[in-house]
Amino acid sequence: MAKSEKLGVNTICTHVGEVKDEQFKGAISPLFMSSSYAYENVDVKRYPRYFNTPNQEALGKKIAALEHTEAGMIFGSGMAAVSHCLLAFLQKGDHIVLPKTLYGGTYNFIVEEFGKFGIEYTFANGFKEENFREALQKNTKVIYVETPSNPLMLITDLGMIAKLAKEHNLVSMIDNTFASPINQNPANFGIDIMIHSATKYMGGHSDICAGAVAASKEHMLRIWNLSKNMGGSLSDYTVWLLERSLKTMALRVKAQNRNAKKMAKWLQKHPLVNKVHYPGLKDHPDYQLAKKQMKGYSGMLSFELVSSVDANAFMQALQLIKQSMSLAGVESTILSPAKTSHSLLTAEERTHQGISDGLLRFSVGIEEKKDLIADIEQAFKVVAKEELV
Ligand SMILES: *Cc1c(COP(=O)(O)O)cnc(C)c1O
């Protein structure tokens, strides 16, 4: 167990994994942009693509401490992190089990690329133990989950997944992007590998594209062995920016948790809203499970407008809340899953998954609740007026 585990989360965010400024004693990590380092008389051959420049190495330690694991690595994007983790543990003839509702990029990577590598996959038909169990095969090597799920925020039992993995000698992986390490530490429940799109809550300001992985030293060595050949490292400048962003991650995410819960409760009472999906609401189907394994319920929620309101016109009328493909920035954003992330599914598939045309995914930022409410109210008024014309 790392010593840093005894530190509070804000202290980890601020202090763990810094590059010490020995020369000038500056307060923050200096940025080392060298792509060339001396190799004589040094144990480690440093090179950006080896993921071991001073800034990469230090940030890896912060990621490890945040996820309660031994090791951490930073990648050029969330998808670089996802693809490198999967390919590090799967080879020709192997099989993986994943949930059906996956992040679009991960889904595309699997269906478009796995055939070339001769890797088999099964999408579990739900989030319960029996759904994952019945998808297992003799050649299954990895079990992979995303919880909360996108966009309905359904919860998978992390302890159940870890147990299933141990029982069948599988490596368990989670895409922990939606929760962030502030709200969920899957290693505490026995999950082996935590993957993040650091483009989201870790970056938090919608100005960085990066990925992060946390795992044991042994698992990380296996990932590193592949990654140094694939070449998906992140520029040191962005590594440095990400370290800066992480200093305020706990503050940001906790504010977003609070805001999302308030907005979920407010939306739930609104006559033009049919349904709100937020795991922090007592009537969410997975509330008890979320309470057991999450420390906060995140800033992500989705809500369904009543069928008389045109979802697209409503989004266009919003002034403060921006339409955006991405999520988790300090600014509130909204998108239509039916028109974006889930547009490749057939209408029947979407209905089957509970994704109607009126469903909107809301990434709640740090603005004051009253301003978010005022924006939504004025947008409803605009849409209602259009209906009368
Ligand atoms: C955005 C995202 C990814 C991919 O990350 P990129 O940084 O865009 O490559 C993976 N998983 C989830 C859940 C995401 O939201």
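Keep in mind it's a predicted model, so treat the numbers as computed, not measured. Just follow the structure's listing: the first ligand is 1, and inside any ligand the first atom is 1.
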Note to self: Can you tell whether the side chains of K247 and E243 come within less than 4.0 Å, N to carboxylate O?
What the structure shows: yes
### Task
Decide, yes or no, whether a salt bridge links E130 with R133 under the criterion of side-chain N to carboxylate O below 4.0 Å.
no
* Asked: With a 3.5 Å cut-off and no angle check, do the side chains of Q353 and T101 form a donor-acceptor pair?
  -> no
**OP:** Examine the side chains of Q56 and T53 and answer whether a donor and an acceptor come within less than 3.5 Å of each other.
**Re:** yes
Nearest heavy-atom contact between I12 and K62 is O-NZ, 3.6 Å
Identify all pairs of nitrogen or oxygen atoms, one from ligand 1 and one from the protein, separated by less than 3.5 Å, and list them with distances.
unit_1   : atom_1 : unit_2 : atom_2 : d
ligand 1 : 5 (O)  : S197   : OG     : 2.9
ligand 1 : 7 (O)  : G78    : N      : 2.9
ligand 1 : 7 (O)  : S197   : OG     : 2.9
ligand 1 : 7 (O)  : T199   : OG1    : 2.6
ligand 1 : 9 (O)  : G78    : N      : 3.0
ligand 1 : 9 (O)  : M79    : N      : 2.8
ligand 1 : 11 (N) : D175   : OD2    : 2.6
ligand 1 : 15 (O) : K200   : NZ     : 2.7

Check: Just by modelled atom types, is the L66 backbone N or O under 3.5 Å from a matching donor or acceptor in the N185 side chain?
Finding: yes
